[in-house]
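Written out below as structure tokens is the structure these notes cover.
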Amino acid sequence: MGLLDQLAGQVLNNLGTQSQEQPQSSALLSGVMALVNQAGGVQGLLNQLQQGGLGDQVASWLGTGQNQPVSGDQITNALGNDTLSQVAQQAGVAPEHAAAGLAQLLPQIIDHLSPNGQVSDNNELLEQGLALLKGKLFG
């Protein structure tokens, strides 16, 4: 089973398979890509999260151990209300729902993008991977 298949399965398990949630989840995946681009790459987004007080959590996502959870409020504080509002608007959800969705998605995505504790800043590869993931999840 490939990396994206595993990630797709985990995201589906966490989000449930209710069709009502799938369009929002798909839009949130697009929001993750927009966050990465806005931050200047994956490492830029990680730096922003670390500077926003999530250093321990980010370190756990990059490491080989258990991923530390993060709350929607922590995501809001780290990214800022303006950035979160943009993601929410793009996803067509309320900012608190976007924050909660990102709190579930970001640890998994970062964990899978850093199997050896290192993140590649290849945005083209990330974009292709997220597009493939969206296709598998939301057909």
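Keep in mind that what you see is a predicted model, and the values were worked out from it rather than measured.
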With sequence neighbours left out, write down each residue that passes side chain to side chain donor-acceptor pair (under 3.5 Å) with Asn47, or none if nothing qualifies. Gln43

Nearest 0.5 Å please: distance from the CD atom of Gln50 over to the CD atom of Gln57. 10.5 Å

Considering non-hydrogen atoms only, spot the tightest contact between Leu84 and Ala99 and give its length. CD2-CB, 3.5 Å

Counting C-beta onward and ignoring hydrogens, is there a side-chain heavy-atom pair between Leu79 and Leu102 closer than 4.5 Å? yes

For the CD atom of Gln89 and the CD atom of Gln86, what is their distance to the nearest 0.5 Å? 8.0 Å

Heavy atoms of Trp61 and Leu49 approach each other most closely as CZ3-CD1, 3.9 Å

Heavy atoms only: give me the nearest Gln66-Ser60 pair and the separation to one decimal. O-CB, 3.6 Å

Roughly how far apart are Leu106 CG and Gln74 CD, rounded to 0.5 Å? 12.0 Å

Given side chains that start at C-beta, do those of Asn67 and Ile110 come closer than 4.5 Å, heavy atoms only? no

Judged by atom type as modelled, is there a donor-acceptor pair below 3.5 Å linking the side chain of Gln108 to the main-chain atoms of Gln104? yes

Do Val58 and Val70 have side chains that get closer than 4.5 Å, going by heavy atoms? no

